[in-house]
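Heads up, the thing below is written out as structure tokens.
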2 protein chains.
Amino acid sequence: MSKVDIISIAKALNLSKSTVSRAFQEKSDINPNTRNRILAYANEVNYRPNHYASNLREQKSKTIAVVVPELENNYFTQIIKGAEKIAKQEGYHILIYATDDDINKEREFITSISNGKVDGVLMSVVGERDNHSYLHNIDLKKMPIVFFDRVYDDIDITKIVTDDYQSSFDATEHLILGGCKSIAYLVVDKDHSIGKERALGYKDALKKHKIAIQEDLIVDCSNSYDENFKILKELLINHKPDAVFSSVERLAFSTYFVCNDLGLKIPKDLKVVAFSSLQIAELLSPPLSTVTQPAEQIGQKAAKLLLNTLKGEPQDVDAKTIILKSELRIRKSSQF
Amino acid sequence: MSKVDIISIAKALNLSKSTVSRAFQEKSDINPNTRNRILAYANEVNYRPNHYASNLREQKSKTIAVVVPELENNYFTQIIKGAEKIAKQEGYHILIYATDDDINKEREFITSISNGKVDGVLMSVVGERDNHSYLHNIDLKKMPIVFFDRVYDDIDITKIVTDDYQSSFDATEHLILGGCKSIAYLVVDKDHSIGKERALGYKDALKKHKIAIQEDLIVDCSNSYDENFKILKELLINHKPDAVFSSVERLAFSTYFVCNDLGLKIPKDLKVVAFSSLQIAELLSPPLSTVTQPAEQIGQKAAKLLLNTLKGEPQDVDAKTIILKSELRIRKSSQF
DNA sequence: TTGTATGCGTTATCAC
DNA sequence: GTGATAACGCATACAA
């Protein structure tokens with residue numbers, strides 16, 4: 001199989017390579033006949049335009065990156081699915097990257113792709129606590145970024161978030177109205193914007209109902225499954241909360257495991273509500289009450305905004321931060 | 001921010017662009033001092049090598065594609081995670097594509113990336129029934145492909161699979177030994193290599209124990225959740241199997257939903273075992289017995305083999321098809 | 001060790 | 001409507 005490029009095609013057909021190139025462009029003044037002749041021959045010799053070359057020439061790769069904290073989470077895979085759907089419509093491909101909540105990985109990845117690997121980025125960031133000044137070295141005109149879900153507030157770009165404060169407030173109030181007096185709040189990174197927003201909703205709901213905020217019940221967990229198991233076991237044994245509200249899906253799973261271990265019954269001994277987009281929440285034992293974010297919609301919206309930017313359409317300045325609504329789905333784990 | 005490339009750096013430092021270029025290569029006879037001088041300046045002006053250009057020049061993109069049937073499945077995300085881990089070590093990036101079990105999407109994607117978008121591909125294919133002759137037009141020397149899990153038998157490339165026949169046999173025998181006489185087998189695409197392998201294990205286990213194979217109990221499902229719900233409801237009502245063995249995770253979920261709908265109790269009224277890598281299988285109601293494939297390991301192995309090929313290392317001819325072992329994890333859903 | 005020159009395969013700008 | 005030619009930014013063979 002010898003190299004087949006526009007030059008070899010041109011030679012075979014006694015044309016110039018410019019004409020051949022033109023045959024593959026949408027809009028160009030080329031004779032329909034010659035175009036067909038070229039297309040037919042190209043098909044015959046199985047020609048594919050060379051991405052390396054056209055990327056260089058056009059300074060774009062028709063690829064966008066999606067950066068998420070973790071892949072093994074329905075929420076993020078649904079977002080990716082949503083983004084992919086939109087991207088595909090426009091002929092874009094998706095580069096995936098999981099940061100595992102490590103700011104170094106985030107920085108290294110964004111930096112490494114910042115000159116010609118992708119045309120733009122959708123990102124849910126690692127954390128605010130960490131130093132994300134590396135972003136100042138990125139030319140956001142050249143490689144636009146759209147944040148979703150977890151964002152850096154101080155970076156002035158388009159952001160898609162959900163109404164974390166309100167959902168959190170509602171979920172907490174739901175527990176209070178059912179009679180809970182001692183509600184634990186689980187978080188992975190207290191200093192993170194999302195953790196903070198959600199914590200605020202939780203606290204304000206407590207305040208509204210005149211329940212004292214106990215710092216002992218605000219539990220900062222880790223990324224290690226084993227550590228979390230210990231932390232939560234300690235919580236349930238020593239502080240005996242009557243409910244757990246988890247701002248992170250997997251901490252709810254850990255809570256279930258700890259309850260099984262301790263012989264605690266959900267919801268009798270402990271109510272549980274969690275941020276989660278798990279599609280089989282209904283099948284858990286017991287079915288898990290969730291704050292479910294519109295994951296696929298987030299992915300679609302984010303991708304649309306990014307692609308609009310890439311197309312050079314004017315940024316909708318009034319909509320720098322877009323807020324989508326989550327849904328509180330009450331199931332047996334928080335039944336009274 | 002004016003354009004910063006090796007030429008502008010060269011000018012600023014009174015060097016030639018080749019020298020500057022050399023500073024960024026690992027092995028090149030460049031004076032350590034000049035290299036440091038270049039690196040320091042490059043860092044100062046925030047230079048990033050241009051991927052478009054170096055890709056074209058080197059005819060590689062340091063990117064591999066991972067093609068999976070679906071993203072919203074722990075099994076595949078774990079595989080991606082495994083592949084990503086290996087890829088990252090070698091400085092490769094990952095392009096993700098979900099085919100949604102549509103051969104057209106598979107063909108279009110593979111074809112579209114086949115000239116310079118990626119250096120190689122890891123793929124779990126859509127199906128055998130479908131015409132996959134498009135692969136003959138792909139230059140597998142130029143863009144090597146490694147199949148995993150679901151493969152096209154007739155394409156002679158490296159494949160990573162699990163011991164589907166044996167796992168299926170074991171799972172079925174487990175149900176028989178517990179006293180089941182009427183075991184339904186759920187599959188999505190009967191003609192698919194995996195479906196066939198798994199069906200064979202199921203049938204041979206029945207044969208060994210002198211249980212007649214009933215075609216009515218071999219149920220071909222679809223990709224639509226609603227359709228599957230109907231199909232399975234019909235199965236449970238009209239054929240009253242005492243066990244269900246699902247070759248696909250999500251069909252087990254559907255079975256759970258149908259049982260809830262019909263008021264059937266698992267495992268009392270129906271035992272369930274399924275191929276699944278769900279990490280919270282234990283938390284389902286009831287905990288789901290699974291045949292669990294070594295997902296992350298598959299991803300790692302596949303990536304390693306592909307990267308070895310890309311490095312030009314000799315293919316291990318004895319290992320064209322690598323078989324990894326799955327694990328039967330018996331939980332309450334198939335307890336007697 | 002460094003500089004010069006060339007090409008990777010396209011697309012775009014001109015002429016014709 | 002078509003052809004010649006110049007970029008795109010980098011990496012290498014070769015010369016110095």
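In what follows, every chain begins at residue 1, and chains take the letters A, B, ... in the order their sequences are listed. Quick note: numbers below take in every heavy atom, side chains included, and nothing from hydrogens, waters or symmetry partners.
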* Donor-acceptor pair between Y75(A) and D149(A) side chains, under 3.5 angstrom -> yes
* Asked: Which value, rounded to the nearest 0.5 Å, describes the distance between N46(B) atom CG and H136(A) atom NE2?
  -> 12.0 Å
* Asked: Near DNA chain D, under 4.0 Å by heavy atom, which residues of residues 32-43 of chain A?
  -> T34(A)
* Structure fact -> Bounded by its outermost nucleotides with an atom under 4.0 Å from a heavy atom of chain B, the footprint on DNA chain D reads dG9(D) to dA13(D)
* Asked: When you check the side-chain N and O atoms of T19(A) and S16(A), is any donor under 3.5 Å from an acceptor?
  -> yes
* Have a look at I7(B) and say if it touches a base, only the backbone sugar-phosphate, or nothing, with a 4.0 Å heavy-atom cut-off. => nothing
* **Distance-only polar pair, side chains of N50(B) and R48(B), donor-acceptor under 3.5 Å** => no
* When we call it a touch if two heavy atoms are under 4.0 Å apart, what does D29(B) touch: a base, just sugar-phosphate, or nothing? -> base
* Specify the residues of residues 52-60 of chain B, ordered by number, for which at least one heavy atom lies under 4.0 angstrom from an atom of DNA chain D. => A53(B), S54(B), R57(B), E58(B)
* Sort and list the pairs that fulfil salt bridge (Lys or Arg N to Asp or Glu O under 4.0 Å) and have at least one residue in residues 107-127 of chain A, not counting sequence neighbours. => none
* Asked: So, E106(A) versus Y134(A): side-chain donor-acceptor pair below 3.5 Å or not?
  -> yes
* Asked: Under 4.0 angstrom, heavy atoms only, what part of the nucleic acid is I6(A) near: base, sugar-phosphate, or nothing?
  -> base
* **Any donor-acceptor N or O pair under 3.5 Å, side chains H132(A), D154(A)** => yes
* Structure fact -> Under a 4.0 Å heavy-atom criterion, DNA chain C is touched by chain B from dT1(C) to dG9(C)
* Could you label the plane-to-plane angle of the Y97(B) and H93(A) rings as parallel, tilted or perpendicular, counting under 30° as parallel and over 60° as perpendicular? => perpendicular
* So, N33(B) versus R35(B): side-chain donor-acceptor pair below 3.5 Å or not? -> no
* Provide the closest heavy-atom pair for Y47(B) versus V4(B) in the form atom of the first, atom of the second, distance. => CD1-O, 3.6 Å
* **Heavy-atom side-chain proximity of I38(B) to L15(B) below 4.5 angstrom** => yes
* To do: Hey, which sits more toward the 5' end of DNA chain C by its nearest nucleotide, N14(B) or R48(A)?
  => N14(B)
* Structure fact -> Between S21(A) and T19(B), whichever has its closest DNA chain C nucleotide further toward 5' is T19(B)
* Asked: Between E72(A) and N74(B), do the side chains contain an N or O donor and an N or O acceptor separated by less than 3.5 Å?
  -> no
* **D156(B) and K320(B), any side-chain heavy atoms less than 4.5 Å apart** => yes
* To do: For A98(B) and L71(B), work out which heavy atoms get closest and say how close.
  => CB-CG, 4.3 Å
* To do: Examine the side chains of S21(A) and S18(A) and answer whether a donor and an acceptor come within less than 3.5 Å of each other.
  => no
* Find out whether I64(B) and V121(B) are in side-chain contact, i.e. whether some heavy atom of one side chain is under 4.5 Å from a heavy atom of the other. => no
* With sugar-phosphate meaning primed atoms plus P, OP1 and OP2, does Y47(B) contact a base, only sugar-phosphate, or nothing at under 4.0 Å between heavy atoms? -> sugar-phosphate
* **End-to-end axis angle, where each axis spans five pairs of the helix from dT1(C)-dA16(D) to dC16(C)-dG1(D), to 10°** => 40°
